[in-house]
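All remarks here apply to the structure that follows.
Throughout, protein chains are lettered first and strands after them, A, B, ... in sequence-line order, and every chain is numbered starting at 1. Nothing here was measured: the structure is a model prediction, and the numbers come from that model.
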2 protein chains.
Amino acid sequence: MIDDENLESTEAEARAVESRAEAFIGVREARRSEVAEDYVELIAELIHENGEARPVDISARMGVTAPTVAKTLGRLARDGLITRAKYRSVFLTEEGRALAKECRHRHEIVLRFLLSLGLDPETAERDAEGIEHHVSERTLALFAAFAQRS
Amino acid sequence: MIDDENLESTEAEARAVESRAEAFIGVREARRSEVAEDYVELIAELIHENGEARPVDISARMGVTAPTVAKTLGRLARDGLITRAKYRSVFLTEEGRALAKECRHRHEIVLRFLLSLGLDPETAERDAEGIEHHVSERTLALFAAFAQRS
DNA sequence: GATGATTATTAGCCTATGCTAACTTTTTGC
DNA sequence: GCAAAAAGTTAGCATAGGCTAATAATCATC
Ligand SMILES: [Mn+2]
Ligand SMILES: [Mn+2]
Ligand SMILES: [Mn+2]
Ligand SMILES: [Mn+2]
């Protein structure tokens, strides 16, 4: 530590680099559950509305093909979020229901927040669908408080 | 259209399904550029601060290994966002600089918005890093206005 | 209950994004 | 200017999440 004018030699710099990396690592972590979250949320909704969640309905709403849905459902089943039988509708496990509820809650808050900011419903829905997966508990609380207040 | 009590038979229902799918399709579209956006933004910053962007510095800040950086840089070069020579630092193309500027702008606005909501800097930085890729022009404008006002 | 339409699955392909291990090149410090 | 350290590359592997084409099962209707 002779020359402190060096690029990248301070402790402070090292800590800044570290915390930056942690942010990116956190975002990548969140990314890994995005698809699962959207699926369980949608499946819960379909079950609530129709009594069952059929792949064809998931496919239409997610805007992906049937084989893509099948493969994704395979991962959800492997991860213990749904149960399914061949050629049958899918259902949520206890864990899947819990995740769905949490996702619906977050989605609702983000959506209401965007609407309360004055965004049009179409855009709000679209943005909420992406933003919801990247909102921390703290931010969510602030969003909820803001929407409440206004 | 004899029995309108059918599940999923109304025009309105069809339109709702369609627009839901469009939201998801849009989110997937945005997802495809997330990594490229983060890289060019970081590269621009490193060039600004150090005069060059070295893979090792990108690696440390992104929290990924060197080979991952190398592969990603290959895609960025292929897509015309950067130029590079073997064993040398990378530089942005005109297009890369334009994208970086746009990303930095969005990042700044989202970050300032979160801070102005009362979020702590650490969490704000973390959330901004994820949210920035899923904010429409309209929402960005509302965020900017809000941060300004408060 | 046969049959045509709808729905679901499987196989096989692709790209992006991560990793480790092994190797090469460049930089640094005597 | 040489040796060791640091940085960069390459090869090879894995998983997620898309797709199309082909096949199979279920459902609806007569
Ligand atoms: Mn979503
Ligand atoms: Mn959602
Ligand atoms: Mn980001
Ligand atoms: Mn950013």
Side-chain angles (χ1 to χ4, degrees), chain A residues 2-3 6-9 17 21 24-40 42-43 46 50 52-79 81-91 130 133, chain B residues 2-3 6-9 17 21 24-40 42-43 46 50 52-79 81-91 130 133:
Chain A
I2 288 140
D3 184 359
N6 265 338
L7 297 176
E8 191 93 6
S9 60
V17 168
F24 281 119
I25 290 167
V27 173
R28 283 197 298 276
E29 172 83 25
R31 240 171 240 163
R32 285 217 314 276
S33 10
E34 285 187 41
V35 170
E37 290 176 2
D38 285 337
Y39 269 71
V40 297
L42 176 56
I43 290 167
L46 286 169
N50 307 343
E52 62 177 349
R54 299 185 310 160
V56 69
D57 294 325
I58 297 171
S59 171
R61 283 162 185 77
M62 294 289 302
V64 296
T65 62
T68 294
V69 169
K71 200 179 280 187
T72 303
L73 293 179
R75 284 194 301 273
L76 297 184
R78 179 201 63 191
D79 297 343
L81 295 170
I82 65 169
T83 56
R84 59 184 194 140
K86 248 189 179 183
Y87 294 99
R88 294 291 148 191
S89 295
V90 308
F91 296 94
H133 311 283
Chain B
I2 287 141
D3 185 358
N6 265 337
L7 297 176
E8 192 92 4
S9 60
V17 168
F24 282 119
I25 288 167
V27 173
R28 282 197 300 274
E29 173 82 25
R31 242 171 238 162
R32 286 215 316 275
S33 8
E34 284 187 42
V35 171
E37 289 176 4
D38 286 336
Y39 271 70
V40 296
L42 176 56
I43 290 167
L46 287 169
N50 307 343
E52 61 176 352
R54 298 186 310 160
V56 69
D57 294 325
I58 297 171
S59 171
R61 283 162 184 78
M62 294 288 302
V64 297
T65 62
T68 294
V69 170
K71 201 178 280 190
T72 303
L73 293 180
R75 284 194 301 272
L76 297 184
R78 180 201 62 190
D79 296 344
L81 295 170
I82 65 169
T83 56
R84 60 186 194 137
K86 247 189 181 184
Y87 295 99
R88 293 292 147 192
S89 295
V90 307
F91 295 94
H133 310 284

[X] [atom1] - [N] [atom2] separation (whole Å):
X	N	atom1	atom2	answer
Leu81(A)	dA16(D)	CG	P	13 Å
Glu52(A)	dT7(C)	CD	P	11 Å
Arg54(A)	dT6(C)	CZ	C1'	9 Å
Leu73(A)	dG18(D)	CG	C1'	14 Å
Arg84(A)	dT7(C)	CZ	C1'	13 Å
Asn50(A)	dT7(C)	CG	P	13 Å

Problem set entry | Point-to-point distance, once rounded to the nearest 0.5 Å, from NE2 of His133(A) to CG of Asp38(A) | 3.5 Å

Problem set entry | Nearest-0.5 Å distance that lies between atom OH in Tyr39(A) and atom CD1 in Ile82(A) | 10.0 Å

Exercise. How does each nucleotide of nucleotides 15-24 of chain C score, in 5' to 3' order, for protein heavy atoms under 4.0 Å: base (B), sugar-phosphate only (S), or none (-)?
Worked result: -SBBBBB--B

Seminar exercise, completed: All heavy atoms of Ala21(A) vs all of Ala60(B), minimum pair found to be CB-O, 3.3 Å

Exercise. Can Arg32(B) and Asp79(B) be counted as an ion pair, charged N to O under 4.0 angstrom?
Worked result: no

Problem set entry | Passing candidate, side chain to side chain contact (heavy atoms under 4.5 Å, CB included) with Ile58(A), options Thr68(A), Ile43(A), Thr72(A), Val64(A) | Ile43(A)

